Amino acid sequence: MTTTPIELKPSSSPLSAAEREAILADPGFGRHFTDHMVTIKWTEGRGWHDAQLTPYAPLSIDPANMTLHYAQEIFEGLKAYRGPDGSVALFRPDANARRFQGSARRMAMPELPVETFIDACDALVQQDIDWVPAHGGESSLYLRPFMIATEVGLGVRPANEYLFIVIASPAGAYFPGGVKPVSIWVSEDRVRAVPGGIGDAKTGGNYAASLLAQAEAAEHGCEQVAYLDAVEHRWVEELGGMNLCFVYENKIVTPELTGSLLAGVTRDSLLKLARDLGYESEEGRISIDDWRRDTENGALREVFACGTAAVITPVGMVKTAGGEWTQGDGQPGAVTLELRKALLAIQTGAAEDRHGWVHTLD
Ligand code: COI
């Protein structure tokens with residue numbers, strides 16, 4: 001039961017079925033958007049109000065809107081998949097809703113109730129259900145809930161008005177190569193986040209801060225950048241928009257949450273799923289020297305990136321200022337592929353959901 005009933009004002013001119021199908025045949029990532037969006041306002045003294053589902057449309061923003069100047073913005077990413085019986089389910093929307101609350105606290109923004117977050121996602125997917133790709137492939141409907149300050153003014157303080165929005169975008173593979181291994185540039189001087197900073201909040205500024213290092217990765221012929229900790233420039237943290245997992249003989253290790261990494265929902269799911277599949281899994285500390293040495297001596301078998309958008313993507317090669325190495329044989333590893341298949345099977349309703357992760361729409 002929603003705390004804020006959503007008024008439905010659907011579009012009178014949604015895209016035709018033929019146009020939609022043409023997009024769904026090759027959606028890419030984040031290039032196309034569905035016919036609707038959900039918006040909910042928050043005003044100091046009044047709380048959450050005016051929840052509406054309306055046609056997808058540009059926003060009208062005052063040039064002195066506080067978000068444009070001081071970046072009070074947070075977002076989430078989650079996916080809806082179609083099951084074998086045609087039903088549609090979101091994957092762990094409660095986990096995204098709770099993380100969204102954590103991001104809001106860190107950015108001095110109001111917390112949206114978990115049920116309201118889920119209701120808004122449900123309402124949008126329900127309305128645009130024909131945009132959820134068919135069962136069978138890896139395509140999904142990617143939801144992007146986000147919140148911005150809407151107060152107008154240039155004073156530096158938390159705003160007194162906000163807008164929560166959910167939009168949806170059909171998504172194929174995040175990386176154009178699909179499960180093709182990605183190459184990683186390890187940035188040893190630029191950092192993504194600092195202790196006490198905002199690295200564990202999903203806020204646009206963290207992504208803006210990653211763009212220059214990402215461009216440097218491209219200059220070194222790499223597709224992604226990996227960050228080290230900001231104090232010792234030694235401990236591996238995460239990629240610009242994904243967590244990292246390291247596969248030892250029978251164990252999956254992922255960098256521990258020190259406060260400067262994002263607590264990925266896929267990361268958390270894999271720690272549990274790996275145990276279901278008979279592996280040990282743990283959070284730990286891995287230095288860049290460990291990464292290189294354990295690859296060279298064969299103890300570190302595979303490395304992969306994980307995130308909602310990227311699902312699980314193998315790492316094939318690593319470059320640092322001091323040298324480079326091939327990860328394993330440079331091909332997707334067996335454990336990486338096994339975990340990927342198991343996760344996608346749960347997400348797409350093809351395998352049993354033992355953890356209560358799948359939220360099926362009525
Ligand atoms: C996600 O995986 O959902 C992300 O937010 C990563 C990126 C697309 C920003």
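Atoms within a ligand are numbered from 1 in the order they appear, just like the ligands themselves. One-based numbering along the sequence shown. Just so we're clear, the structure is a prediction, and the values are computed from it rather than from any experiment. Values reported hereafter were calculated over all heavy atoms of this structure, with side chains retained and with hydrogens, waters and symmetry mates removed.
Every atom of ligand 1 with a heavy atom of Thr308 under 4.0 Å away is listed here by number and element: 1 (C), 2 (O), 3 (O). If you number the atoms of ligand 1 from 1 as listed, the ones under 4.0 Å from a heavy atom of Lys202 come out as 4 (C), 5 (O). Residue contact check: Gly77 has heavy atoms under 4.0 Å from atoms 3 (O) of ligand 1.
Under the 4.0 angstrom criterion for non-hydrogen atoms, Glu76 is not in contact with ligand 1.
In Glu256, the CD atom is crowded: over 12 heavy atoms of neighbouring residues, nucleotides or ligands sit closer than 6.0 Å.
Of all protein heavy atoms, the one closest to atom 3 (O) of ligand 1 is Tyr142 OH, 2.6 Å. With hydrogens left out, the protein atom closest to atom 9 (C) of ligand 1 is Tyr207 CE2, 3.6 Å, a heavy atom. Protein heavy atom at the shortest distance from atom 6 (C) of ligand 1 is Gly241 O, 3.4 Å. Remark: minimum distance from atom 2 (O) of ligand 1 to any protein heavy atom is reached at Ala309 N, 2.8 Å.
For the pair Phe75 and ligand 1, the shortest N or O to N or O distance does not fall below 3.5 Å.
You'll find the ring centres of Tyr81 and Phe91 outside the 6.0 Å limit.
Across Asn243, Val311, Thr308, Leu273, a single residue satisfies side-chain contact (heavy atoms from CB on, under 4.5 Å) together with Thr266, and that is Thr308.
Taking the six-membered ring where the residue is Trp, His220 and Trp185 present parallel rings, their angle staying beneath 30° rather than reaching 60°.
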Apply side chain to side chain contact (heavy atoms under 4.5 Å, CB included) to Tyr70 and Leu154, showing your working.
CA-CA 9 Å; Tyr70 308 125; Leu154 299 182; 4.0 Å; yes

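By the criterion of side-chain heavy atoms lying less than 4.5 angstrom apart, applied directly or through intervening Ile, Leu, Val, Met, Phe, Trp or Tyr residues, Val225 is not grouped with Val182; the two fall into different hydrophobic clusters.
A pairwise comparison of heavy atoms in Ser269 and Arg92 identifies OG-NH1, 2.8 Å as the closest pair.
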